[in-house]
Amino acid sequence: MGLRPVIIEDYNDAWPVMFNELKNILGNKLGELALTIEHVGSTSVPGLSAKPILDIDIVIDSMTLLPQVIGKLSELGYFHEGNLGVENREAFARTDDIVPHNEEMNQKPKHHLYVCNKESDALQKHITFRDILRQQPDLVAAYSSLKKELAERFTNNRTAYTDGKTHFVNTVLDKYKSIL
């Protein structure tokens with residue numbers, strides 16, 4: 001498996017449009033199984049530099065619904081990867097670049113897809129961090145700078161890049177989560 005370099009791009013106004021396209025396809029397939037479909041991660045924050053990969057959390061009421069969700073997502077071309085060590089958050093990967101499949105069968109944006117139950121700590125962290133950044137432009141600027149610096153320093157080491165962001169994320173969550 002080849003190394004994928006860490007590439008950070010300036011914010012792209014097309015990211016929310018891309019998310020909405022994916023959300024519509026997913027929502028139409030999942031129907032009432034999905035409580036909400038959330039755009040999380042750096043591409044969900046206006047002005048924030050990011051890897052050009054959308055992060056999507058599908059929120060379900062209970063993990064008892066997971067087998068049905070796995071079935072529906074497999075019809076769209078996803079395969080279940082398990083929780084990858086994160087409780088109450090199940091990861092899904094795409095079989096090809098046109099997933100999720102729709103009538104057009106066109107290429108879709110790169111994205112990470114997760115299914116979380118509504119009590120998932122990972123889900124709450126994603127949403128809380130996103131919402132804090134959306135309200136704090138100074139944090140967006142600081143986080144963008146940090147990500148660019150880390151990507152330059154750890155271009156071929158995704159683990160070190162991610163580890164470098166952890167302190168910032170945790171500090172922001174600890175300091176600001178009470179204001180939401």
Side-chain angles (χ1 to χ4, degrees), residues 1-30 34 36-60 69-86 89-116 120 122-123 125-127 129-131 133-134 140 143-166 168-169:
M1 184 165 135
L3 285 177
R4 294 175 308 162
V6 177
I7 297 169
I8 299 297
E9 296 181 2
D10 288 337
Y11 182 77
N12 185 335
D13 289 327
W15 289 336
V17 175
M18 293 173 185
F19 166 73
N20 283 325
E21 176 193 358
L22 297 172
K23 179 182 178 179
N24 288 337
I25 298 167
L26 294 165
N28 287 335
K29 177 56 81 173
L30 293 171
T36 63
I37 300 173
E38 298 285 344
H39 187 190
V40 295
S42 294
T43 61
S44 70
V45 179
L48 183 58
S49 300
K51 293 190 302 281
I53 303 167
L54 306 177
D55 289 312
I56 302 171
D57 286 350
I58 297 171
V59 183
I60 60 176
V69 172
I70 291 170
K72 296 279 188 184
L73 292 176
S74 71
E75 292 172 21
L76 293 175
Y78 292 98
F79 62 93
H80 183 220
E81 295 184 295
N83 71 9
L84 306 180
V86 181
R89 188 197 78 180
E90 300 290 319
F92 289 79
R94 306 188 305 158
T95 54
D96 57 47
D97 288 345
I98 60 173
V99 171
H101 297 153
N102 61 352
E103 289 179 11
E104 289 82 29
M105 296 300 275
N106 55 335
Q107 187 168 339
K108 306 301 184 310
K110 289 182 182 176
H111 60 282
H112 296 140
L113 183 68
Y114 303 99
V115 173
C116 308
S120 165
L123 170 70
K125 187 174 180 179
H126 284 165
I127 290 174
F129 188 65
R130 174 198 70 193
D131 291 350
L133 289 182
R134 285 179 174 175
V140 171
Y143 195 37
S144 288
S145 294
L146 174 64
K147 290 169 66 150
K148 287 177 180 178
E149 175 192 316
L150 291 169
E152 193 173 301
R153 201 159 88 207
F154 301 114
T155 303
N156 294 308
N157 186 341
R158 284 180 174 255
T159 301
Y161 167 79
T162 300
D163 289 347
K165 297 185 309 178
T166 299
F168 181 90
V169 171

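Only this structure's heavy atoms are used, side chains among them; waters, hydrogens and symmetry mates stay out.
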Donor-acceptor check, side chain of [X] to backbone of [Y], threshold 3.5 angstrom: yes or no?
X    : Y    : answer
R134 : S44  : yes
T95  : G77  : yes
K147 : S49  : yes
K51  : I7   : no
K72  : L30  : no
R158 : R4   : yes
T155 : A151 : yes

Quick one, [X] and [Y] - any side-chain contact, counting heavy atoms below 4.5 Å?
X    : Y    : value
L22  : H111 : yes
N83  : E90  : yes
V69  : H80  : no
K108 : N102 : yes

Residues I53, T43; criterion side chain to side chain contact (heavy atoms under 4.5 Å, CB included); working and verdict: CA-CA 7 Å; I53 303 167; T43 61; over 6 Å; no
Within the supplied structure, the quantity of interest is the number of heavy atoms (other residues, nucleotides, ligands) at a distance under 6.0 Å from E9 CD; does it exceed 12? yes
Other residues, nucleotides, ligands: >12 heavy atoms within 6.0 Å of K165 NZ: yes
My understanding is that only residues two or more places apart in sequence, or in another chain, count here; which of them pass salt bridge (Lys or Arg N to Asp or Glu O under 4.0 Å) with R94? D97
Taking all atoms of both residues into account, what is the closest heavy-atom pair of [X] and [Y], and its distance?
X    : Y    : value
V140 : P46  : CG1-O, 4.0 Å
D13  : V17  : O-CG2, 4.1 Å
C116 : S120 : CB-CB, 3.8 Å
Y11  : G47  : CG-N, 3.2 Å

For residues F19 and W15, establish whether the separation of their ring centroids is below 6.0 Å. no
What's the spacing between [X] [atom1] and [Y] [atom2] if we round to 0.5 Å?
X    : Y    : atom1 : atom2 : result
I8   : S42  : CD1   : OG    : 7.0 Å
F79  : I70  : CZ    : CD1   : 12.5 Å
L54  : K23  : CG    : NZ    : 13.0 Å
L73  : L26  : CG    : CG    : 6.5 Å
I25  : E103 : CD1   : CD    : 10.0 Å
L146 : L150 : CG    : CG    : 4.0 Å

Stepwise side chain to side chain contact (heavy atoms under 4.5 Å, CB included) check, K125 with V169: CA-CA 9 Å; K125 187 174 180 179; V169 171; 4.0 Å; yes
For side chain to side chain contact (heavy atoms under 4.5 Å, CB included), just list the numbers for L123 and V59, CA-CA rounded to whole Å, side-chain angles, deciding distance to a tenth of an Å, and then say yes or no. CA-CA 8 Å; L123 170 70; V59 183; 3.7 Å; yes
Output all residues satisfying ring-ring contact (aromatic ring centres under 6.0 Å, His included) with Y143, sequence neighbours left out; order by chain, then residue number. F129, F168
Run the side chain to side chain contact (heavy atoms under 4.5 Å, CB included) test on I56 and L113 for me, step by step, so that the C-alpha distance in whole Å, both residues' side-chain angles and the decisive distance to 0.1 Å come before the verdict. CA-CA 5 Å; I56 302 171; L113 183 68; 3.7 Å; yes
Test: [X] and [Y] ion pair at under 4.0 Å:
X    : Y   : result
K148 : D10 : yes
E75  : K29 : yes
R130 : E38 : yes

Parallel under 30°, tilted from 30 to 60°, perpendicular over 60°: which one fits the rings of F92 and Y78? perpendicular
